[in-house]
Amino acid sequence: MAIQEKSARAEVGHPEGGRSGPDERYNAQIVESKWSARWQQDPSRYAAERDSSKKKYYVLEMLPYPSGALHMGHVRNYSIGDALARYMWMNGYNVLHPMGWDSFGLPAENAAISNNTPPREWTLRNIASMKAQMKRLGFAYDWSREVTTCFSEYYRWNQWFFLKLYERGLAYRKKSKVNWCPKCATVLANEQVVNGCCWRHEDTPVEQRELEQWFLRITKYADELLRDLDKLVGWPEKVRTMQRNWINRSEGVLVDFKLDYGPSHHGFGPAGSTITVFTTRIDTIFGATSIQLAPEHPIVADLAAQNPDLRSKVDHLIAEQRRARESGDIGEIEKHGVPTGRYAINPFNNERIPVWVANYILMDYGTGAIMSVPAHDERDYDFARKYKLEIRLVILPISNDPEETMTEPPVPFVAHDGMVINSGMYSGMSCAEAVKKMTAYAEQKGIGRATVTYRLKDWGISRQRYWGTPIPMLYCEKDGIVPVPEKDLPVILPENVEITLTGGSPLLRVPEFVNATCPKCGGPARRETDTMDTFVDSSWYFYRYTDAHNDRAPFDGRVADYWFPIDQYIGGVEHAILHLIYSRFWTKFMRDLGMIRNDEPVERLFTQGMVIKDGAKMSKSLGNIVSPDEMVARYGADAARLYSLFAAPPDRDLDWQDSGIEGIQRFLGRVYRFFVRNTQARTGRETVAPALDPEARAIQRKMHQTIKRVSDDFQGRWHFNTCISAIMELVNALYGAEEAIAKNAIPKPFLRQVQRNIVLLLAPFAPYLAHELWEMLGESSTLLTAPWPKFDAELAKEEEIEIPVQVNGKLRSRIVVPAAANEEFVLERALADEKVQAAIAGKKIVKRIYVPGKMLNLVVK
RNA sequence: GCGAAAGUGGCGGAAUUGGCAGACGCACCAGACUUAGGAUCUGGCGGGUAAAACCGUGAGGGUUCGAGUCCCUCCUUUCGCACCA
C-alpha cells in the first residue's frame, strides 16, 4: 500500500516546490514510455548488418528459461551485456546482440499439471510477458533473430544433429545405471547431479536405475576439451579449473591379476577369471598387498552368488555407498570392507594376495578395482591399518644427502619423485623410469596396457519427459534400431498430451505418435518416446542466431564463420560445467562435420555475480525477491539498470538495497534538472574557445578524465560501478559550477560540448534518459551509433598537483605545486612548509624519496 | 582434506603499478527554500581530541623510506573439488 501511494505521488509530481519547479522534475515513467513507444516503431533498430565492412562484435547473454518473469539476476546479466553492446555500437562495430528462449523443460510440464495449461501455451505466454519486460527495460536486442527452442523450426535441427551423431557412432544406446530424479520423474546427466541430489531439486537425492538410454560420446573429445582449455585465456580461471576437474584426465596402466582360488575351487563365474585394476602408480606394484574391489564389481557378484554371508555384507557396503552419495559426503565415510577369502596373483612377482571388497572403491571410475599399496597411498594405508594388512615400503625419497635417502620415510609416502626398492629388477630406478619400464613389460607380456582414464562420462541425453525434442529413432521388430530418415524430419512433438509424473514418458500414451512405419522394411515400428535433455538445445543455439530463419540447414557455415567465435559471452557461473562444456563439445563436433571452422565457441566469457538480498540469494521461499516490474514502476528502467551496475563490480555478488536505487533515481533526476536549467537552443556556429577561464578549465579537465575512466573500464576491468561514480563526479562538478554558468564564466558552446559528452557516456547505461537529453540538446543523429567520445590526455592533465609530504613515512603536510615541477622545486616548497619544518626541526635529513607527481618522503635522524 | 576468491566506516563499495585509506552512493546530522517535506539545494559525516597529538583496512609477525596492496603464520566467510586409484 505504502508503495503505491508513493509511486502515485511521484508520478503526479508536486505542484509547487523550492528550487526545482514542476517542469524540472524528471518523470521516468513518462519519458521512458515515450521512448519505448518510439523504439517499438522501428524493429530493425538493433539489427546486425549483413555484408558489413565494419568489424564484427558478437555479444551474447545466456538465453533465459521462460519461467514467467524476469528476476533481478536477469536484469543484471542483460544490463551488463546491453551496456557493452551499446558501447560497441558507438565504437563503430557491426554488433550482433540477439536474444532467445530456452523453452523446453520440466517446469512447463509441472505448470500443465498444476494449472491444467498445455506446456506450449504456458511457455508462449511466459515468453510474451518476458519479452515485454525486456523491451520495457530497453534492452537492445535484434528480435528478428529470436530463437525459441521449442519450435519445430529449431528442434528439427536438434534431430538432424542427432542423426549425424548417430551416423558417426557418436550417439549410441546402452543399458546402464543412470541417475534418476524422482521429482522430475526422469533421468539426469552426471553433470546435473549436484552433491548427490538433483540440480533442480537440491533436497532430492538422486536414485540409481538400470535403463536403456541414448548417450552422446562426449568422451571422444575429452582430450581436446581439456587441452583447449589452455587456449581459453579470455575465460575466468575458475571456470577453466572447474572444467579441468570435471574432465579429470589421469594416465595410468591397466594390469590383469589372475584369480587364484586354490585347488578346492570349481570354475569361475560369468565375470571371468581376471581382475583388471587401474593404477597411476604401477611403480609401486611390488608394494601391493591386496586387491580391493568396488562392492558392485561383477567379480564380487560371482563370489557372492555362492556365499550368502558375503552377499549380505556386500549389500551392506552398497547401501552405505548409496547413502553417502545421497548425503553428498562421499569421502567422509569411514573406510571398511570385507575379505572375500579368495586370492589373486600379482603378475609382477607372482605373489598371491587377498581379494577384498571395500566401500571406498567406486564402480564408475577406472575399472572398479584397484591394487592396494598401503605404504604409498593414504586411503590404502588407512584401510590396511584397520584390517592389519601388510604395509610394504617400495619407494624411498631421493635426497642430495646420501644418508637421508636411505632413511625410511613415514608412511604413507606418496611422493612421485622417489626411488624404487624391494622391486626385483626395478630396484634402484626412479619412479618415472620404473613406470616406463614396468608398463613396457606389462604390454610385452600381455598382462597390461597403458591407458587414460577420465572422470568425464558420456552424456546421457534421454529424458522420460514430454516437453522436449523427440529423439528421431524407431524400433522395428525386424530391423531393430532404425533412424528416422532426414527427409522425414522434423518428428513433431504432438500436442494435447496428458501429462503426469508417473508411468514413464507421457509420449508412451500417445498411440498416433508411438506407432510408426519402419522406413527400411515398411513394417510396423515403435517410435522412441524419450525426449532430449534440454541442454542439447542450448549447445548450439548461438549459431542459429547468425542465420535464424534457415530452413535447409541449422545455419549457413559461411555466415557463422563471420560471427564466430562469440566475442563476449555473459552469464552465471552455475553453467560452468553444464552448458559450457556441452556447447564446447558441440562446436568441436560441428567443426568435424565441416560446418564451421572455429574450435571453440566463445572467445571471452564473463561470469557475473549473484543478486543477494539481506545476505541470501533471492528466492521465493525466503521471500526476499525484488521484482524488476516493481522497480521499473517505482524508479524506471534506467534506474533499475543503472543500480544493478552501480551497486557492485559485475563479477561480484550484488547486495540489493532499495535505498540504493533511490540514490540512483536521484542522480538521474539531478542530471535531468541540470539539462533543463542549462540547455539552450543551438546557435549557428559552435566552436569552443581555445582558452578557458579556470572554472571552465576545471570542468574540461574533469570531463576528459571521466571519458578516460569510462573508456578504460570498458576496455579492461568492467568495473561499471566506478564508471558511474566518475560520471556522478562530473555532474557534481557541474552543479558546483552553476554560479559560474549563471554569470557566463563558462562559454555556452563549451558547456554544450560537456553536456553532449555526458549524454554519450550515459548512453550505454541509461538509454532512456540519454535519448531524452540528446533530443533536448537538439541532436538529430542516432544516439545508438553516435561516436563514443575521445579524451585528450593533455586536457585531462592537472595543472597543479597536491604533493603529500611525509617525514619518516608519516604524512605531515601537503603542498601544491605546478604539475611540471621538478624535485628541487618540490623539496624547496616542502622545506618552506611550516608543518614540515616543525616535523624535521633539529634533525638531519639523511635520505629523501621523491616519486614524481606522487609524494615526497624525507627521512630524518 | 585439497584448491580458489574474499575480509576496508553504520551499509554498498573506491584506492588498476607498494606512494594522501575511505572516491561515489546509501543512511544519518545540520542549514537553506518552505504552510509542509518523503521534493530540491548547501554543508558535515572512520575512531579520538576543545583543537591537536595519536589510533585505524580480520589477527599476529616480517620486508620497505613507505604496506589495504608484497612475504610468512593464523582466523573467518563464500565458492569449487572431494574416497578419481
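Residue numbers begin at 1 in each chain, while the letters A, B, ... track the order of the sequences.
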Asker: Determine the contact category for Ile361(A): base if any of its heavy atoms lies under 4.0 Å from a base atom, sugar-phosphate if only primed atoms, P, OP1 or OP2 are that close, otherwise nothing.
Answerer: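 The answer is base, as Ile361(A) lies within the cut-off (heavy atoms under 4.0 Å) of a base atom.
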
Asker: For a quick check of understanding: with a heavy-atom distance under 4.0 Å over all strands, which category does Met855(A) fall into, base, sugar-phosphate or nothing?
Answerer: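 If one applies the 4.0 Å heavy-atom cut-off, Met855(A) turns out to touch a base.
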
Asker: Respond yes when some side-chain nitrogen or oxygen of Lys810(A) is under 4.0 Å from OP1 or OP2 of rC55(B), and no when none is.
Answerer: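 Yes, within the criterion.
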
Asker: Return the nucleotide paired to rA30(B): Watson-Crick means purine N1 to pyrimidine N3 with N6-O4 or O6-N4, wobble means G-U with N1-O2 and O6-N3, both under 3.5 Å.
Answerer: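 Here rA30(B) is engaged in a pair, and the nucleotide opposite it is rU42(B).
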
Asker: Using the side-chain heavy atoms of Leu362(A), tell me which of these nucleotides is nearest: rA14(B), rC83(B), rG12(B).
Answerer: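 Selected nucleotide (nearest to the side chain): rC83(B).
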
Asker: Could you check whether Glu237(A) gets within reach of a base, just the sugar-phosphate, or nothing at all, counting any heavy atom under 4.0 Å?
Answerer: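 Nothing: the residue Glu237(A), judged by heavy atoms under 4.0 Å, touches no strand.
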
Asker: Need the pair for rA5(B). Rule: Watson-Crick or G-U wobble, both distances under 3.5 Å, any strand; none if unpaired.
Answerer: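 Answer to the pairing question: rU77(B), which forms a Watson-Crick or G-U pair with rA5(B).
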
Asker: What is the distance, rounded to the nearest whole Å, between atom NE2 of His575(A) and atom P of rG80(B)?
Answerer: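 After rounding, the reported distance stands at 14 Å.
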
Asker: Using 4.0 Å as the upper bound for N to carboxylate O, is an ion pair formed by Arg812(A) and Glu834(A)?
Answerer: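 Looking at Glu834(A) and Arg812(A), the cut-off is not met.
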
Asker: In this structure, how many angstroms lie between the P atom of rG12(B) and the CE atom of Met72(A), rounded?
Answerer: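 Going from Met72(A) (CE) to rG12(B) (P), I get 19 Å.
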
Asker: Which part of the nucleic acid, if any, lies within contact of Arg249(A), taking any heavy atom under 4.0 Å across all strands shown: a base, the sugar-phosphate backbone alone, or nothing?
Answerer: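 Result for Arg249(A) = nothing.
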
Asker: Using a cut-off of less than 4.0 Å, is there contact between a side-chain N or O of Arg652(A) and OP1 or OP2 of rC79(B)?
Answerer: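 Looking at the OP1 and OP2 atoms of rC79(B), neither is under 4.0 Å from any side-chain N or O of Arg652(A).
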
Asker: Under 4.0 angstrom, heavy atoms only, what part of the nucleic acid is Asp380(A) near: base, sugar-phosphate, or nothing?
Answerer: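 The residue Asp380(A) makes no contact with any strand.
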
Asker: Taking ring pair (Phe, Tyr, Trp, His ring centres under 6.0 Å) as the criterion, tell me which of Tyr672(A), Phe667(A), Phe675(A) meets it with Tyr26(A).
Answerer: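 Looking at Tyr672(A), Phe667(A), Phe675(A), the match for Tyr26(A) under the ring pair (Phe, Tyr, Trp, His ring centres under 6.0 Å) is Tyr672(A).
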
